[in-house]
Amino acid sequence: MSIEVKDINKRFGNFVALNNVSLNFPAGELTALLGPSGCGKTTLLRIIAGLESPDAGQVLLDGDDASARHVRERQVGFVFQHYALFKHMTVFENIAFGLRVKPRAQRPSEAQIRDKVTSLLELVQLDWLADRYPPQLSGGQRQRIALARALAVEPRVLLLDEPFGALDAKVRKELRRWLRRLHDELHVTSIFVTHDQEEALEVADQIVLMNKGNVEQIGSPGEVYNHPASPFVYGFLGNVNLFRGRVHEGVLEAGGVTFDAPDHAQAQDEKGIGYVRPHDLEVDRYAPGAEGIVAQLRRSHAIGPLAQLELERNDNAELIEAVISNERFAQLNLKDGETLVVRPRRLHVFVDKFVDNAASAEVARNKDAR
């Protein structure tokens, strides 16, 4: 089933949670609503589910206006971050709950309920836990049971609110891979909320990146990562180095170093920022006359296949993060305190109106990281 939201607005007092948001969620795809805390993603999910009412706008399910429908009439499965399982019920009864509370005319027989719950327990690979109670399960197991309960009523749409947020990193990584495989098997139109960039990039077919109640960009994981539409998107999706300066006729001048900015050939002395990801920097030992940014190696961390370098620019003391292969690191035989020169292999420049918004991505990313 396809989902569309049109011109959705929502305020909580003076706080604008959603500002005229319009989106399409393709049938059968897994879409991530990604953004920092407070950007409006959970509010939008709850409005689609019918758990929250918009101040204005429409929710269309398969083209039909569902804005006035009660949550029970939308055939939506909802999975919460903290599971919301009934502690006094067994795993089996938790999954069966949605089937047992259906109106009498729609309620399956006991034999049908047992068959349905058994098949779902096998689907989530936890059939051996049917008689356990939620407090006896691990966090990852409880989240799988919560998902099975949501699927029991055969929802037309599956909505997940930070489904792995309460789990440790290892379990979270395992479960998101499992969710991707499960989705590929079931093909239920699904939307999940997350502020974890890696999670969204790994799992989703489509990413909707939100900031302060607005949609910043929509696209596949590859599109939003490789072709960010704004400084916010660039800064939020992974680590990035910023080079602030002025752009004039296709050249960014930042602290005495110039970079080509061919997309801005018409710019006339405008504020600009160059964005470079750590793995897009070439690193060499400094030699007199070498072109690039001269910096001191302050710290290196070479564990595994990659070496992470922390450098300090000689001209303005700003920090630069670079990532090179461990093979290259060993070849250069770098030592802390050495003078190096770095050159961007790929640099994306934003000018003028985008620049004032750039800091918000850094603040948002750092806040969520804490």
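In this text, all values refer to a predicted model and were calculated from it rather than measured experimentally.
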Are [X] and [Y] packed together at the side-chain level, in the sense that at least one heavy-atom pair is separated by less than 4.5 angstrom?
X      : Y      : value
Ser22  : Asp7   : yes
Ile145 : Ile95  : yes
Leu158 : Leu147 : yes
Leu281 : Ile293 : no
Thr189 : Arg156 : no
Leu126 : Trp128 : yes
Val283 : Leu309 : yes
His248 : Glu253 : no

Salt-bridge criterion met for [X] and [Y] (N-O under 4.0 Å):
X      : Y      : value
Glu291 : Arg343 : no
Asp55  : Arg11  : no
Glu202 : Lys173 : yes
Arg46  : Glu52  : yes
Arg100 : Glu110 : yes

Nearest 0.5 Å, what's the [atom1]-[atom2] distance between [X] and [Y]?
X      : Y      : atom1 : atom2 : answer
Arg299 : Leu311 : CZ    : CG    : 12.5 Å
Met210 : Lys212 : CE    : NZ    : 13.5 Å
Glu162 : Thr42  : CD    : OG1   : 6.0 Å
His183 : Asp205 : NE2   : CG    : 6.0 Å
Phe92  : Leu129 : CZ    : CG    : 14.0 Å
Leu297 : Asp336 : CG    : CG    : 5.0 Å

Do any N or O atoms from the side chain of [X] and from the backbone of [Y] form a donor-acceptor pair under 3.5 angstrom?
X      : Y      : result
Arg244 : Ile273 : no
Asp280 : Pro344 : no
Lys41  : Pro36  : yes
Lys87  : Tyr133 : no
Asn19  : Asn214 : no
Glu270 : Val351 : no
Asn316 : Glu318 : yes

Between [X] and [Y]: side-chain donor-acceptor atoms closer than 3.5 Å:
X      : Y      : answer
Asp65  : Ser67  : yes
Glu310 : His301 : no
Gln331 : Arg328 : yes

Does atom [atom1] of [X] have more than 12 heavy-atom neighbours from other groups under 6.0 Å away?
X      : atom1 : value
Arg298 : CZ    : yes
Glu327 : CD    : no
Asp269 : CG    : yes
Gln268 : CD    : yes

**Request:** Determine, for Phe243 and Arg313, whether the Lys NZ or Arg CZ falls below 6.0 Å from the six-membered ring centre while staying within 45 degrees of the axis.
**Result:** no
**Prompt:** Is NZ or CZ of Arg149 both nearer than 6.0 Å to the six-membered ring centre of Phe86 and within 45° of the ring axis?
**Reply:** yes
Please find the pair of heavy atoms, one from [X] and one from [Y], that lie closest to each other, and give the distance.
X      : Y      : result
Ala200 : Leu34  : CB-CD2, 4.0 Å
Asn326 : Gly304 : ND2-O, 2.6 Å
Pro26  : Thr31  : CD-OG1, 4.5 Å
Leu23  : Ile218 : CD2-CD1, 3.2 Å
Leu33  : Leu44  : CD1-CD2, 4.1 Å

**Asked** Between Arg74 and Val59, is a side chain to side chain contact (heavy atoms under 4.5 Å, CB included) present by the stated rule, with each step listed?
**Response** CA-CA 10 Å; Arg74 299 193 186 193; Val59 176; 4.2 Å; yes
**Message:** Classify the ring geometry of Phe236 against Phe232: parallel below 30°, tilted from 30° to 60°, perpendicular beyond 60°.
**Reply:** parallel
**Request:** Kindly determine whether Leu242 and Tyr275 satisfy side chain to side chain contact (heavy atoms under 4.5 Å, CB included), including the steps that lead there.
**Result:** CA-CA 5 Å; Leu242 307 183; Tyr275 283 70; 3.2 Å; yes
